[in-house]
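Below: one structure, written as structure tokens.
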Amino acid sequence: MRFIYLFIFLLSFSSFAQIELSNLFSNNMVLQQSSNVGIWGTVIKGKEIIITPSWSNQKFITKVKNDGSWYLEIKTPKAGGPYSIVILCDGDTKILKNILIGEVWVASGQSNMEMTLSGSNREPVIGSIDLIAKSKNSNIRLYTVKNSSNMTPSNYLEGNWSVANPSSVADFSAVAYSFANFLNEILDIPIGIINSSWGGSPAEAWTDKKSLDDNFKKSEIKNNHKDNAVHHNPSGLFNGMIAPLIPFKIKGAIWYQGESNTGRASSYTKLMNTMIKGWRNQWGQGDFPFYFVQIAPNGSIGNGDGTSQAFLREAQLKTMLSLKNTGMAVTLDVGSKITNHPQEKIIVGKRLAYWALAKNYGFDTLPFSGPVYESIEIKKDKVYVNFKYAQNGVTSYGKQLTGFEIAGKNKVFFEADATINPHWSAGWQERSVLILKSSRVTNPLYIRYGWKNYIQGNLYNVEGLPASSFRSYDFD
């Protein structure tokens with residue numbers, strides 16, 4: 001009997017601490033390299049937490065707060081692994097295994113980010129079979145945050161880390177995996193990618209309440225969904241799906257969203273800038289990289305000949321041009337007439353990766369942006385268009401150029417003939433320069449490109465990255 005009492009006593013003593021961790025901290029996770037990485041959780045009762053990582057002989061210790069919560073930062077080395085972490089508190093022990101040190105990115109947005117590599121009903125992902133078949137890679141780790149909308153910021157997170165393989169990758173975000181896979185291929189270091197996205201969600205749902213309150217009147221930001229869907233609630237998805245990630249150390253974020261804000265483009269640049277600044281302020285990591293996808297042309301949101309999407313694309317471009325450490329992957333050449341989910345998800349992920357490689361990983365000479373409109377020169381009835389990110393010129397790769405329009409003083413636009421002379425005979429000043437002309441506009445003043453909901457974009461820089469839709473004027 002005495003032994004039974006002793007066993008019960010020891011059992012109750014050892015279970016006193018009961019260490020609970022955020023679900024971010026589990027087997028198979030990736031921690032950001034060369035950083036002070038925060039780890040946090042709770043205990044029922046205990047005095048101090050001791051963390052010992054296998055990559056270091058150092059023990060990291062912190063006291064448990066009166067409410068049972070604790071937070072502790074540990075130093076991580078350069079990329080490598082696998083490692084383990086032992087967490088002790090008053091006799092209770094947690095051991096985390098198969099941990100990698102590398103680069104961690106957050107992927108977020110609506111359905112185009114959420115769409116899995118295996119595709120969805122009647123919506124394929126081009127090239128997915130090959131990518132899935134080649135996906136067995138212990139140096140890529142995936143985490144999908146379960147959909148959750150809250151009224152206030154939450155600490156609770158539902159999800160788990162998995163090692164990349166054909167099973168786990170098939171059900172993971174196609175864009176996010178393509179991005180992570182390309183970074184791993186080029187950098188040859190572990191990559192952790194956290195997907196936190198929800199189809200049909202507007203940007204205000206992903207923006208923290210303080211940022212919205214400080215920058216918008218209540219009448220400006222509201223639930224615009226007719227059935228009051230919870231994933232449209234302002235700040236709801238930030239509270240439920242972003243706040244629980246903070247302050248998990250990350251390298252940066254990628255973002256694919258905008259379709260649910262089409263029709264409200266006039267406020268979208270301000271909203272995007274506000275959201276990005278809010279995330280950066282909440283994370284406390286300074287102006288971390290934030291790369292996003294410009295929405296692809298499609299005929300499923302409004303009339304294909306309408307212009308609401310063109311205005312939204314322009315609003316996204318303005319964020320790239322106005323906010324530090326942002327970049328935009330253009331998709332004007334990979335749209336769809338029948339859906340707002342273009343099939344070229346793998347290309348989109350790689351285009352986001354070009355930004356990260358060029359701006360964050362030392363590939364300074366790697367092209368990362370397609371042509372961005374800069375200015376025009378008018379010579380009689382011709383308009384010569386100048387671009388940033390096209391120092392070697394522009395091209396259509398032999399395809400007929402379409403989607404260009406010209407207007408004169410009356411501001412009535414007509415289809416323009418667009419030409420690019422790639423030959424040496426054109427001379428240095430005109431070789432690979434875009435020239436626009438219309439027989440119906442003898443004195444041109446204004447131009448635009450891709451100013452419709454749907455267009456098959458075919459203007460690129462010679463490095464192969466597509467141009468954004470643009471206009472040379474600011475009247476509507």
Item to check | Criterion side-chain hydrogen bond (donor to acceptor under 3.5 Å, both in side chains) on D333 and Y460, from CA distance to verdict | outcome: CA-CA 9 Å; D333 60 331; Y460 301 82; 3.0 Å; yes
Checklist entry - Would S322 and N273 count as a side-chain hydrogen bond (donor to acceptor under 3.5 Å, both in side chains) if you check the C-alpha gap in whole Å, the side-chain angles of each, and the deciding distance to 0.1 Å? => result CA-CA 9 Å; S322 64; N273 290 7; 3.3 Å; yes
Next on the checklist: Apply side chain to side chain contact (heavy atoms under 4.5 Å, CB included) to residues W70 and E48 and explain how you reach the verdict.
Outcome noted: CA-CA 9 Å; W70 56 270; E48 64 180 18; over 6 Å; no
Next on the checklist: Is there a side chain to side chain contact (heavy atoms under 4.5 Å, CB included) between M320 and F292? Walk through the geometry before answering.
Outcome noted: CA-CA 9 Å; M320 185 190 86; F292 57 91; 4.0 Å; yes
Checklist entry - Could you go step by step and tell me if L131 and V169 meet the side chain to side chain contact (heavy atoms under 4.5 Å, CB included) rule? => result CA-CA 9 Å; L131 202 58; V169 162; 5.8 Å; no
Item to check | Pair Y143-W161, ring-ring contact (aromatic ring centres under 6.0 Å, His included): steps then yes or no | outcome: CA-CA 5 Å; Y143 190 104; W161 287 98; 5.4 Å; yes
Checklist entry - Yes or no on side-chain hydrogen bond (donor to acceptor under 3.5 Å, both in side chains) for W206 and S201, after CA distance, side-chain angles and deciding distance? => result CA-CA 8 Å; W206 297 98; S201 56; 2.9 Å; yes
Item to check | Worked check of side chain to side chain contact (heavy atoms under 4.5 Å, CB included) between L465 and V330 | outcome: CA-CA 8 Å; L465 295 174; V330 174; over 6 Å; no
Checklist entry - For K249 and E103, what are the C-alpha separation, side-chain angles and deciding distance, and is it a salt bridge (charged side-chain N to carboxylate O under 4.0 Å, His left out)? => result CA-CA 10 Å; K249 189 73 73 172; E103 295 290 275; over 6 Å; no
Next on the checklist: Between T116 and D171, does the side-chain hydrogen bond (donor to acceptor under 3.5 Å, both in side chains) criterion hold? Intermediate values first, please.
Outcome noted: CA-CA 5 Å; T116 65; D171 293 327; 5.1 Å; no
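Counting only N and O atoms by type, the side chains of N261 and E204 include a donor and acceptor under 3.5 Å apart. Judged purely by distance below 3.5 Å, without hydrogens or angles, the side chains of E73 and Y71 pair a donor atom with an acceptor atom. N298 and S336 form no side-chain donor-acceptor contact under 3.5 Å, judged by distance and modelled atom types alone. Of the N and O atoms on the side chains of D92 and Q18, not one donor lies less than 3.5 Å from an acceptor on the other residue. Using modelled atom types, one finds no donor on one side chain facing an acceptor on the other under 3.5 Å when comparing N112 with N340. Residues S211 and D208 have side chains that bring a donor and an acceptor to within less than 3.5 angstrom of each other. No hydrogens or angles considered: nothing links the side chains of Y156 and N150 as a donor-acceptor pair under 3.5 Å. Defined by atom type and a distance below 3.5 Å, a donor-acceptor pair is missing between the side-chain atoms of T307 and N453. Inspection of the N98 and N28 side chains reveals an N or O donor paired with an N or O acceptor under 3.5 Å. Between Q257 and Q110, the side chains place a donor N or O and an acceptor N or O closer than 3.5 Å (distance only, hydrogens not considered).
Between I295 and R313, some side-chain heavy-atom pair lies under the 4.5 Å cut-off. Using a 4.5 Å heavy-atom threshold, the side chains of N195 and M113 count as touching. A heavy-atom distance below 4.5 Å is found between the side chains of Q282 and F238. At a threshold of 4.5 Å between non-hydrogen side-chain atoms, the residues S148 and E158 do not count as touching. Looking at I250 and Q285, their side chains come closer than 4.5 Å, going by heavy atoms from C-beta outward. Side-chain contact between S108 and I242 is present, with at least one heavy-atom pair separated by less than 4.5 Å. A 4.5 Å side-chain heavy-atom check between V230 and W198 finds at least one atom pair inside the cut-off. You'll find the side chain of L271 stays beyond 4.5 Å of the side chain of N215, heavy atoms only.
Between the N233 side chain and the G236 main chain, no donor and acceptor come within less than 3.5 Å of each other. Under a 3.5 Å cut-off, the side chain of T42 and the backbone N or O of G68 do not form any donor-acceptor pair. Formation of a donor-acceptor pair under 3.5 Å by the S54 side chain with backbone atoms of Y83 is not found in this model. Although no hydrogens or angles enter the test, the distance criterion places a donor-acceptor pair under 3.5 Å between the side chain of S178 and the main chain of I346. S235 contributes a side-chain N or O that, together with a main-chain N or O of T207, makes up a donor-acceptor pair within less than 3.5 Å.
Expressed to the nearest 0.5 Å, how far CH2 of W55 lies from CD of Q58 amounts to 11.0 Å. In this structure, the separation between CZ on F60 and CD1 on I74 is 6.0 Å, given to the nearest 0.5 Å. Taking CG of D90 as the start and CD1 of I44 as the end, the distance is 12.0 Å to the nearest 0.5 Å. Separation of atoms CG (L357) and CG (L187) is listed at 5.5 Å; rounding is to 0.5 Å. Rounding to the nearest 0.5 angstrom, the gap separating the OG atom in S26 from the CZ atom in R141 is 10.0 Å. Taken from CD1 in I85 to CG in L31, the straight-line distance is 5.5 Å, to the nearest 0.5 Å.
Counted within 6.0 Å of CG on D287, heavy atoms from surrounding residues, nucleotides or ligands total more than 12; the atom is thus considered enclosed. Atom CG of N57 has 12 or fewer neighbouring heavy atoms from other residues, nucleotides or ligands inside a 6.0 Å radius. Other residues, nucleotides and ligands place more than 12 heavy atoms under 6.0 Å from the CD1 atom of I61. For CG of D188, the number of neighbouring non-hydrogen atoms (other residues, nucleotides, ligands) closer than 6.0 Å is 12 at most. More than 12 heavy-atom neighbours from other residues, nucleotides or ligands sit within 6.0 angstrom of CG on L321.
Taking the ring centroids of F311 and W451, they lie under the 6.0 Å cut-off. Note: Y291 and W255 fail the aromatic proximity criterion, with ring centroids not under 6.0 Å apart.
Remark: F25 pairs with W40, F248 by the ring pair (Phe, Tyr, Trp, His ring centres under 6.0 Å) rule, at least two apart or across chains. Listed by chain and number, the residues in a side chain to side chain contact (heavy atoms under 4.5 Å, CB included) with E123 are M115, S120, T339, H341 (sequence neighbours excluded).
Of all heavy-atom pairs between T326 and R280, the closest is CG2-NH2, 4.0 Å. Scanning both residues, I49 and V64, for their nearest heavy atoms gives CG1-CG2, 3.9 Å.
Each of W355, W105, Y354 was checked for a ring-ring contact (aromatic ring centres under 6.0 Å, His included) with F182, and the lone residue meeting it is Y354.
Cation-pi geometry between K270 and F216 is met: under 6.0 angstrom from the ring centre, within 45 degrees of the axis.
Between D214 and K210 there is a salt bridge, with a side-chain nitrogen of the basic residue lying less than 4.0 Å from a carboxylate oxygen of the acidic one.
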